[in-house]
S.K.: 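Here it is, the structure, as structure tokens.
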Amino acid sequence: MPERQPRLVMENIVKEFPGVRALSNVQLSLYPGEVHALMGENGAGKSTLIKVLTGVYSIDNGSVVLDGKTVHIKNPQDAQEKGISTVYQEVNLCTNLSVTENIFIGREIKKHGRLAWKEMHKRAEALLASLQLKIDVTKLLSSYSVAIQQMVAIARALNVSAQILILDEPTSSLDRDEVKQLFSVIRKLKKDGLAIVFVSHFLDQIYEITDRLTVLRNGEWIGEYMTEELDRVDLVSKMIGKELQELEAVTKNVSHESAERETFLTADQVGLKGKIHPFNFDLKKGEIVGFAGLLGSGRTEIARLLFGADKADQGTIKIKGEKLNFSSPRQAIVNNIGFCSEDRKAEGIIPELTVRENIILAIQSVNGWFRYISKTKQTKIADEYIELLNISPANPEQLIKNLSGGNQQKVMLARWLVTDPELLILDEPTRGIDIGAKTEIMKLMTELSQKNKAILFISSELEEILRTSHRIAVLRDRKKVSEYQNQKGLTQQELMKEMAGGM
Amino acid sequence: MGKSIMRSRLFWPIMVLILILLINLFFDSSFLSIEVRNGRLTGSIIDILNRGAPLMLISIGMTLVIATKGIDLSVGSVIAMSGAIGAMSVANAETDGLGPLFTAIALALVISTLVGGWNGLLVSRIGVQPIVATLILMVAGRGVAQLITGGQITTVYYDPYNFIGGGYLLALPFSVFIVAFVLLLAVLITRKTALGLFIESVGSNPDASRLAGINSKNIMLMVYLFSGFCAGVGGLILSSNVMSADGNNAGLWFELDAILAVVIGGTSLMGGRFYLMGTIIGALIIQSLTTTIYSIGVPAETNLVVKAVVVLIVCLLQSPEFRSKVFGTGKLKKTKEQKESEGVTLS
Amino acid sequence: MINRLSIDYKQLPLIATIALFVLMFSFGSLRYTGFFSTQVFLNLFIDNAFLIVVAVGMTFVILSGGIDLSVGSVIALTSMVAASLTMEAQLSPVIVVPISLLVGTVLGMVQGSLIHFYNLQPFIVTLAGMFLARGLSYVISVETIAIEHPFFSYMASTQIPLPGGTFISISVVIAIIIVIIAIFLGHFTKFGRTIYAIGGSEQSAMLMGLPVGRTKVLIYTLSGFCASLAGLIFTFYMLSGYGLHANGMELDTIAAVVIGGTLLTGGAGYVAGSVVGVLILGIIQTIIVFEGTLSSWWTKIAIGVLLFLFIVLQRIIVIRSEKKQAKE
């Protein structure tokens, strides 16, 4: 391949949000006729980078050079005018409008002062035909599948004579055939000389379609590689990184004889269409089971099914031998299960309430509204856990929204610890919090397991999983693929291989 | 000490209330005086409390609804229905015994509560937006009230009925006791049980509340039931005041006044924290505003203009965009912090 | 096949509305002598011309996902402004009419700006607008101001003859013109399509680079203008200005729009549907008049029942499409 001039170069990009450095000195070079993968776990900075590129965010430092000229991208409209188009993960079109309209709205074709529908329909058909799609363009977008909506979004993006096309997780809701069709379109666009940014959590797809990739981690630039020169395991290890030294304080758990331990939970062929393939899983008292898998591998989906946050459409869940398929979280809580969601802001904290109220919320809802825990007792409980978990500021009357992420996370843990659960599901409890807090949370997990509590621990940090878990399940592509006893010899390498799959 | 009073959510509403009362005092030096006549306390203040009773009641119910991020537009029509049911069922009472009175009260309150339950079911079970769900009864409820009264103003000649809204107990209007009772009930039920916490939790973050095990559907159903009940009581007082059933005009625009009272009282329309005492003061502000406009001789109708201005100012002050534009970002942060600590001192 | 069904499904409210109108008209024709006549049908337009005009403005507001509670009061305020300028200031209609039309337009623009720039809820802003407009009309005068002016009398009493000995009023012509303009606006201009897009998803509209803010301000300005125009038509109809005019009209308008098949969550609906919605409200009243013994409050109850049915229908459609989405 002859060396070409990059179409776009981003250098030393810095983006800060209050209290967080979302991007620090990130680079990205896009070449015409190349598909460039943007890789990284949650919070790595991928979406921030995309939003910078499309003008949703402005940068605090760094430069963007487009076709050799330094540019300043003011807003999404400006980005489109500069030839940068985006197809977002959640199809950002208006499903209540026709296919044609979704392609043309904002730059409609007019004749005699009125919109020329016929002309637009004709052009829309032609445009979609070039993407190998033949559909009735006069129908509402909502009458088509997500896959077709995705194609329409791409058609819209192309209609602005795009030079750079950003596809943000375009495949996350497509089935295999639809992905195939999308890829053939991408290949065609590539031939036409477009520079394409491709974001996906499916490694198979990355290796199938991309030429080059950039890895980000925690807002930092890890490196740029040619896809075929970087093997999967290396890629995964670059994405998830290591923080070995800091974890020394946590005593390493290894698989222990669990034959005589009582089984707390059994899942038999539990699944939910479109979310997770049916899986078998069991969990014993006093056991910590780690879920290793990349984002989108199905790890959160399993947790939500076990907790009743989503209802499984097949299989049975048994708690201590009793068949119970939860239809609401409340039922799970009453059965001594607790669940810390990975999305602390949307599904965890109640922002307008105080730390005290957030801590006692779950136990109070188990008690029901009539058996009110007196304020004195609430304060006592709150104080106890503030001390135990070292929550700061140590003021139970502080509103939780004023706390840092790590302290909010500890409050969430406290909420569930108060209910004294027999099974605690922790979905990425260590994400976005400082090392000190991480270590404390892991120590706490070990203590709980010693008290005979079962823990399901989901984390992107393999080192954390290896250190704390007795047993490790690996997930990939919405499937539970394997299970390991955590023995001395088990290495991150081995797990990564399994997570990456498809050797 | 002074600072903590200033920070209280109730501080500004109370200051406004006092200001209005002072303006009155300026125009009428006897405004604050309270006399005893025939063993009854009389005076403008008593009058405001008495006349403001229905609004205070309805605003109490509305507060809880708004705390769950909802709204109840139907209360005005429920007032009309409840008043019509109450008055019509005693209009032809033969005796002066208390039997018909209790029947009327029971009938009016049960139906009002059921009507509230209907709203609650639409919102919590069918998932209709609160504005839309309660709009149905806002329209149809008034029709039903007119149906009950036959479109006429039917006068009630059954004396005991007058007691609800016009009676006196321990030298004070009986309606004041009703308000005190319902307020006490609301405070007890929300602050001495976990219901208040659940309401605030559901209003602040419904998804997280569900994951914490709260049955948000039942919570929503309950607040609409209670709002219906409050409107029912308010309707009885209003119709007892005038000793007649009036389906056409009773409770007209009460929903808007009630929403206004709640907002002035410091409860955000975005749900979450609610302040029952603030609401009561908000309702009193609205009532004394009306009284003031009457007493200083401004045409009564300008009341609406004043209300419009008040609504706008309160809403603009609650809007982060407005505060950052007008006060600048630095101050925005400060007022935000201040607001948050207010939330702590008064929960 | 499935695709075709789902489209029909979305249009179900509109189809139901038209069917309902036909059904009610047939019911009236069979039951009452003299009901089945062109003039009875035309009277629906004559008596509700102003409501049609407000409903047009309201349709755009609701299509964008908002609501405008101020329209009833704006009608009253317009009637007061027109009456007092004509009778007390003795101004010519050439001046009175534009000033009256400006009343609602300016108020609407202010409301729209508050909603957009300060991110306030439409419900509350237009509630304040409703208080303000009603209050201002009382400030002008608490009493009714009767209008005696040749222009207004002409507008009120002129009958435009149609074939078959029937007639319509000038107001009907105005209303029809407005409806035609609105349909053009809604389907053949960028502005109209942006309204639908905002109603479908404001965030998507923003990301697609549409002028969301400007459109939102314009929508409320348009609604205010329509309300003022309706106020003028109402003034022709009543020949007076009064602060209590059109009390509660905002509810009738919203009901007409919803019954006309527009989703209250925004994004779907037709101006033409709202016209049929108004006609349904009109026909309910006509039936009640023909019935003779039925009282006016049955109108409210009937509207309430229809509202309920349409809202539940809408909800079912939304739930269905969500389920469909989830399956895919």
Side-chain angles (χ1 to χ4, degrees), chain B residues 71 73 77 118 122 126-129 131-133 135-151 247-249 252-253 255-257 259-260 263 269-270 298-316 318-326, chain C residues 67 69-70 73 110-111 114 116-125 127-142 243-244 247-248 250-252 254-255 258 263-265 295-312 314-316 318-319 322:
Chain B
I71 205 149
L73 296 182
S77 296
W118 163 269
L122 281 181
I126 305 187
V128 182
Q129 294 162 279
I131 290 188
V132 180
L135 178 71
I136 297 170
L137 273 173
M138 184 183 184
V139 178
R142 189 154 298 277
V144 172
Q146 289 169 326
L147 174 70
I148 296 168
T149 58
N248 307 346
N249 296 311
L252 210 55
W253 307 130
E255 55 280 336
L256 304 178
D257 280 352
I259 294 166
L260 186 54
V263 173
L269 280 168
M270 301 308 291
V298 180
E301 290 74 15
T302 38
N303 204 346
L304 286 171
V305 180
V306 179
K307 270 186 205 167
V309 173
V310 173
V311 178
L312 269 184
I313 291 175
V314 170
C315 286
L316 283 176
Q318 282 186 4
S319 149
E321 283 83 358
F322 180 80
R323 284 195 306 228
S324 66
K325 255 178 216 172
V326 175
Chain C
I67 201 147
L69 295 179
S70 70
S73 306
V110 172
Q111 291 183 146
L114 285 171
H116 170 61
F117 291 111
Y118 298 123
N119 205 11
L120 299 180
Q121 289 168 313
F123 173 78
I124 287 297
V125 172
L127 173 64
M130 167 178 152
F131 281 150
L132 186 72
R134 188 77 63 188
L136 286 177
S137 32
Y138 285 124
V139 171
I140 294 172
S141 167
V142 183
L244 259 179
N247 210 355
E250 53 283 335
L251 289 186
D252 288 340
I254 295 169
V258 172
L263 284 181
L264 260 166
T265 43
S295 319
S296 64
W297 44 85
W298 283 105
T299 320
K300 289 196 180 97
I301 297 175
I303 295 174
V305 171
L306 286 182
L307 261 182
F308 169 70
L309 292 177
F310 275 85
I311 285 165
V312 170
Q314 292 184 356
R315 190 62 205 151
I316 290 170
V318 170
I319 291 172
E322 270 168 11

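So you know, we letter chains A, B, ... as the sequences are listed, proteins then strands, and number each from 1.
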S.K.: If I measure from the heavy atoms of chain C, does B:Leu137 come under 4.5 Å with its side chain, its backbone, both, or neither?
M.R.: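 The answer is neither part of B:Leu137.
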
S.K.: Determine the option with the most heavy-atom pairs under 4.5 angstrom with chain B, choosing from C:Val139, C:Val312, C:Ile124, C:Ile67.
M.R.: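 The residue among C:Val139, C:Val312, C:Ile124, C:Ile67 with the greatest pair count is C:Ile124.
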
S.K.: Measuring from B:Asp257:CG to C:Phe131:CZ, what's the distance to the nearest 0.5 Å?
M.R.: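 If I round to the nearest 0.5 Å, the distance is 5.5 Å.
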
S.K.: Checking C:Leu127 against chain B: side chain, backbone, both or neither under 4.5 Å from a heavy atom?
M.R.: side chain

S.K.: For C:Ile254, is it the side chain, the backbone, both or neither that has a heavy atom under 4.5 Å from a heavy atom of chain B?
M.R.: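 Answer is side chain: those atoms of C:Ile254 sit under 4.5 Å from chain B.
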
S.K.: How long is the span from the CD1 atom in C:Ile303 to the CG atom in C:Leu251, to the nearest 0.5 Å?
M.R.: 9.0 Å

S.K.: What distance separates B:Glu255 CD from B:Leu135 CG, expressed to the nearest 0.5 Å?
M.R.: 10.0 Å

S.K.: Start with the C-alpha gap between B:Leu269 and B:Ile259, add the side-chain angles, then the distance that decides, and say whether side-chain contact (heavy atoms from CB on, under 4.5 Å) holds.
M.R.: CA-CA 9 Å; B:Leu269 280 168; B:Ile259 294 166; 4.3 Å; yes

S.K.: For the candidates C:Val142, C:Ile311, C:Ile301, C:Leu307, which exhibits the highest count of non-hydrogen atom pairs separated by less than 4.5 Å from chain B?
M.R.: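 Of the options given, most contacts go to C:Ile301.
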
S.K.: Considering only heavy atoms and a distance below 4.5 Å, find which of B:Ala308, B:Ala133, B:Gly141 pairs most often with chain C.
M.R.: B:Ala308

S.K.: What part of C:Phe117 gets closer than 4.5 Å to chain B, counting heavy atoms only: side chain, backbone, both or neither?
M.R.: both

S.K.: Could you work out, with ring pair (Phe, Tyr, Trp, His ring centres under 6.0 Å) as the rule, every residue matching C:Phe308, not counting sequence neighbours?
M.R.: B:Trp118

S.K.: With C:Leu114, which residues qualify under side-chain contact (heavy atoms from CB on, under 4.5 Å), at least two apart?
M.R.: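 side-chain contact (heavy atoms from CB on, under 4.5 Å) check on C:Leu114 returns B:Leu312, B:Leu316, C:Val110, C:Tyr118, C:Leu120, C:Val125.
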
